[in-house]
Amino acid sequence: GIILENCFPFIIQPNQTWILNITFIPDFTSSVIERGILFKTNIGDMIQPFIITIPNHLLPKLLETISVPSALYIAIHKICLFIATAIGGYIFSSYLKMRKNFSTSDLIDLSDPLWRFHLTTSNSVQQQQQQ
């Protein structure tokens, strides 16, 4: 981005100079950046264009130095987050459905030596009820 450091209304007398500090923070996606600054004067608005150029052969090297994630990285991150949320929601809804269908008669008392007998009889009773 481009930042005007000392940007506030000011008046310049004839033959007077004013220093306007412009900070440019490139994202290194293009080697030529064209922008303009709008000056509002007493005779009307004036746009002062300026062009920033970065040599093409330096773009890959300069891009490696910045730690700002690219748009592709952000898009992939959002897609993965969406998929993970969808999977988590599916698993949670399946859990809720299972819990809704679960009753206390399905619990196995492991302290009972005949727990296998109880399990098979409860399963056969459920099968008979479904038929």
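Pairing each heavy atom of Gly36 with each of Ile47, the nearest pair is CA-CG2, 4.3 Å.
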Q | Evaluation steps, side-chain contact (heavy atoms from CB on, under 4.5 Å), between Asp45 and Leu38 | A | CA-CA 7 Å; Asp45 294 347; Leu38 173 66; 3.8 Å; yes
Q: Begin from the C-alpha positions of Ile11 and Trp18 and carry the test side-chain contact (heavy atoms from CB on, under 4.5 Å) through to its verdict.
A: CA-CA 9 Å; Ile11 298 174; Trp18 179 265; over 6 Å; no
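With contacts defined as side-chain heavy-atom distances shorter than 4.5 Å, the pair Ile33/Arg35 qualifies. For the pair Ile52/Val32, no side-chain contact is recorded, criterion being any heavy-atom separation below 4.5 Å from C-beta on. Ile37 is listed as a side-chain neighbour of Leu20, based on a closest heavy-atom distance under 4.5 Å.
Open room surrounds CZ on Phe82; 12 or fewer heavy atoms of other groups in view lie less than 6.0 Å from it.
The side chain to side chain contact (heavy atoms under 4.5 Å, CB included) test with Lys78 is passed by exactly one of Ile76, Ile74, Leu81: Ile74.
Residues Phe92 and Ile83 are members of separate hydrophobic clusters, defined by side-chain heavy-atom contacts under 4.5 angstrom among Ile, Leu, Val, Met, Phe, Trp and Tyr. Note: the hydrophobic cluster containing Ile79 also contains Ile87 (ILVMFWY, side chain heavy atoms under 4.5 Å, direct or indirect links).
In this structure, OG in Ser31 is found 3.5 Å from CG in Asn56, a value given to the nearest 0.5 Å. The CD1 atom of Ile19 sits 12.5 Å away from atom CD of Glu5, with the distance rounded to the nearest 0.5 Å. Expressed to the nearest 0.5 Å, how far CD1 of Ile12 lies from OG1 of Thr17 amounts to 8.0 Å.
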